[in-house]
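To find a chain, count down the sequence lines: A is the first, B the second, and so on, and within it residues start at 1. All values derive from a computational prediction rather than experimental measurement.
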Amino acid sequence: MSDAVSKTGRWIDLANPTRFLSLAGGILPWLGGLTVLVLAIGFWMSMNAPDDYQQGSTVKIMFIHVPFAWLSMMCYTIMSVAALGTLVWRHPLADVSAKAAAPIGAVFTALALITGSLWGKPMWGTWWVWDARLISVFVLFLMYLGIIALTRAMDDPAKSAKATAILTLVGFINIPIIKFSVDWWNTLHQPASVLRMGGSTLDPSYLKPLLVMAIGFTLLFFTLHMMAMRNEIWRRRVTAMRRVAARSADRGTVS
Amino acid sequence: MRLIAENLGGERGGELLFSGLHFAVSSGEALMVTGPNGSGKSTLLRIIAGLLVQAEGMLRLEGAPAAFEGLTAAAHYLGHLNAMKPVLSVGENLHFWQSFNGQGQYSIAEALDYVSLGEIGHLPFGYLSTGQKRRVSIARLLVSDRPVWLLDEPTAGLDKASETQFTGLMRGHLTSGGIIVAATHLPLGLEGSKELALGAAA
Amino acid sequence: MGALFLRDVRLGLRAGGGALVGILFFLAVIAVVPFGVGPDLKLLSRIGAAMLWIGALLATLLGLDRLFQADRDDGSLDLLIMASDRHMLPLTILIKCLAHWTVSVLPLVIASPLLGLFMNMEAAAIGATALTLLVGTPAITLIGAVGAAVAVSLPRGGLLVSVIILPLTIPVLIFGVSASYGAVEDPAPFLAPFLILAAITLFFAVLGPIAAAAALRSSAD
């Protein structure tokens with residue numbers, strides 16, 4: 001019984017934006033520092049990785065391209081979980097989390113597309129091909145932009161939260177399509193080589209820097225996401241305070 | 001300065017709302033246009049403002065200050081709508097109308113003080129209550145100078161205190177030689193104003 | 001006049017996100033082309049300029065119906081018309097068109113080289129298409145102003161504006177696309193259609209606002 005109460009208590013604590021703000025204030029400097037550290041190590045390791053006998057030094061684009069692509073999908077997955085949080089559990093921070101994640105996800109997706117394009121030019125001889133993997137990532141980018149446009153179009157966060165959550169969940173269909181597009185269709189894009197059954201096909205001299213970079217960029221994502229959530233909470237407070245100011249201005253004149 | 005209407009007739013949607021109106025309003029005078037709904041009060045004001053063409057008759061402004069050519073150029077029109085953008089701040093809205101319509105006697109800060117909204121010039125217009133929005137719209141009349149004020153239900157949504165304040169502003173405008181033509185259901189508290197009853201059986 | 005331009009740009013950028021929707025529509029239109037015609041890169045590079053132009057044309061038409069409607073809904077339009085002794089109404093309309101173009105069409109022009117890469121176009125073709133879009137799209141906005149002014153008093157004029165405007169914009173499309181092709185295909189000239197395109201824009205910079213002003217004056221009720 002008492003356990004249940006304390007559990008609910010903690011649940012409400014986390015849901016409380018004020019509690020989140022103080023928590024974020026405490027965590028952010030450490031998280032930011034760790035991000036810089038890991039990214040610096042990852043960058044150094046990437047620079048010292050050997051050139052590929054076929055691709056030359058262009059192979060090193062992989063060390064940023066692959067993390068960006070992973071993050072573009074992870075960010076959308078996080079937004080989908082947040083959308084569930086909005087619709088099912090009505091968690092007050094879920095909507096803030098989804099709204100804050102969308103622009104970050106859009107940027108990571110754009111970076112994945114750009115770095116992929118830079119890598120594709122020397123490898124495939126063209127900036128862009130219309131194959132399943134590339135199209136599905138491009139569609140993901142369009143969905144991010146659509147979600148951003150929807151959140152911006154409505155003034156009232158309470159109203160836009162549900163609409164955005166529904167749109168996000170519907171769009172989640174695309175994530176498995178992106179993941180498995182390289183297996184389902186015969187594409188120019190190479191199939192997964194790191195996370196696969198029967199172990200990675202990647203040589204350890206590439207795998208290690210790639211993993212460090214992936215961890216570094218994931219940390220970067222969480223740092224940015226937490227900062228963006230904090231900004232969004234502050235923005236909503238400013239809006240609320242302005243409305244109060246508009247109301248109280250009148251009371252001042254009457255009295 | 002005199003605003004003169006001779007044999008004025010107005011129509012809306014092909015239906016003649018009023019005809020044969022005669023009135024003359026001189027500097028320092030106010031004309032209250034009264035009448036039931038649909039009697040053509042708003043149409044008359046929009047005709048004077050130059051937004052509609054009269055069905056018949058003549059309308060002219062004699063002896064207007066040299067800066068204002070013609071009746072439309074000399075008139076401020078306060079319609080049912082406030083002509084303000086909800087996403088822009090109160091100050092930005094007023095600043096736009098001031099620079100578009102010309103610098104007036106009062107600055108934006110002074111005009112907002114006159115309608116007791118001095119503190120909230122930085123807030124988006126959309127956050128304001130109905131009455132506050134109306135008062136910002138009234139402040140627009142002050143930031144640019146026009147000798148003729150055309151007011152369509154100016155006190156709609158205002159509370160008692162703001163109404164009294166607005167009456168004071170209108171008095172000030174009349175004292176400085178302005179003309180007011182107002183369509184209204186409620187008495188605006190201006191002494192010695194002329195009245196024009198539209199569509200009344202009498 | 002500068003104040004009007006700034007106000008409209010601010011309105012376009014703040015809230016609503018109209019500019020973003022236009023770009024998104026443009027991206028989406030270009031993205032569906034390969035699904036329709038197949039991912040053949042040679043074919044895509046050949047029709048690329050035309051597709052960019054059609055996409056930009058449709059995206060430009062998208063937001064035009066709000067050009068005067070927003071001002072009418074809150075009563076600003078009455079005051080803009082009444083001020084015509086101080087500021088000529090056609091000039092006011094021209095400024096509004098310029099502000100609208102800056103906020104919702106210029107981003108399309110800036111995004112077009114990127115989409116050119118998706119269509120596997122050559123560098124010269126991409127540059128020529130972006131340049132013709134820069135010169136040609138103002139004409140679409142200015143022609144659109146006439147349609148927007150005519151339909152301003154209709155409660156649901158949105159689609160009607162596009163339908164009215166589309167036939168009038170066909171010359172812009174023709175010369176825009178032929179100039180873009182002229183830059184890459186050898187026998188076809190670039191300069192002649194490009195200059196005609198510029199002439200169309202200048203012509204409608206005069207005719208569009210005047211016609212729109214006449215329509216707005218008569219629409220007041």
Quick one: closest heavy-atom pair of [X] and [Y], and the distance?
X: C/G75; Y: B/L81; result: N-CD1, 3.6 Å
X: C/D71; Y: B/K85; result: OD1-NZ, 2.6 Å
X: B/F100; Y: C/H87; result: O-NE2, 2.6 Å

Which residue out of [options] racks up the most heavy-atom pairs below 4.5 Å with chain C?
options: B/G79, B/G70, B/A49; value: B/A49
options: B/L88, B/N93, B/V53, B/T43; value: B/L88
options: B/R140, B/H95, B/H80; value: B/R140
options: B/M84, B/Q98, B/H76; value: B/M84

* Side chain from CB out, backbone as N, CA, C, O: work out which of these in C/D73 comes under 4.5 Å of a heavy atom of chain B, or both, or neither. => backbone
* Structure fact -> Honestly, the part of C/T92 sitting under 4.5 Å from a heavy atom of chain B is side chain
Report the distance from atom [atom1] of [X] to atom [atom2] of [Y], rounding to the nearest 0.5 Å.
X: B/W97; Y: C/L4; atom1: CH2; atom2: CG; result: 8.0 Å
X: C/L79; Y: B/L78; atom1: CG; atom2: CG; result: 9.0 Å
X: B/S99; Y: C/R7; atom1: OG; atom2: CZ; result: 10.0 Å

* To do: Go through C/G2, C/S76, C/A70 and name the one with the most non-hydrogen pairs under 4.5 angstrom from chain B.
  => C/S76
* Asked: Does atom CZ of C/F194 have more than 12 heavy-atom neighbours from other groups under 6.0 Å away?
  -> yes
* Asked: Should we count CD of B/E119 as having more than 12 external heavy atoms under 6.0 Å?
  -> no
* **B/N82 portion near chain C, given a 4.5 angstrom heavy-atom threshold** => backbone
* **chain C contact via B/E92 - side chain, backbone, both or neither, heavy atoms under 4.5 Å** => side chain
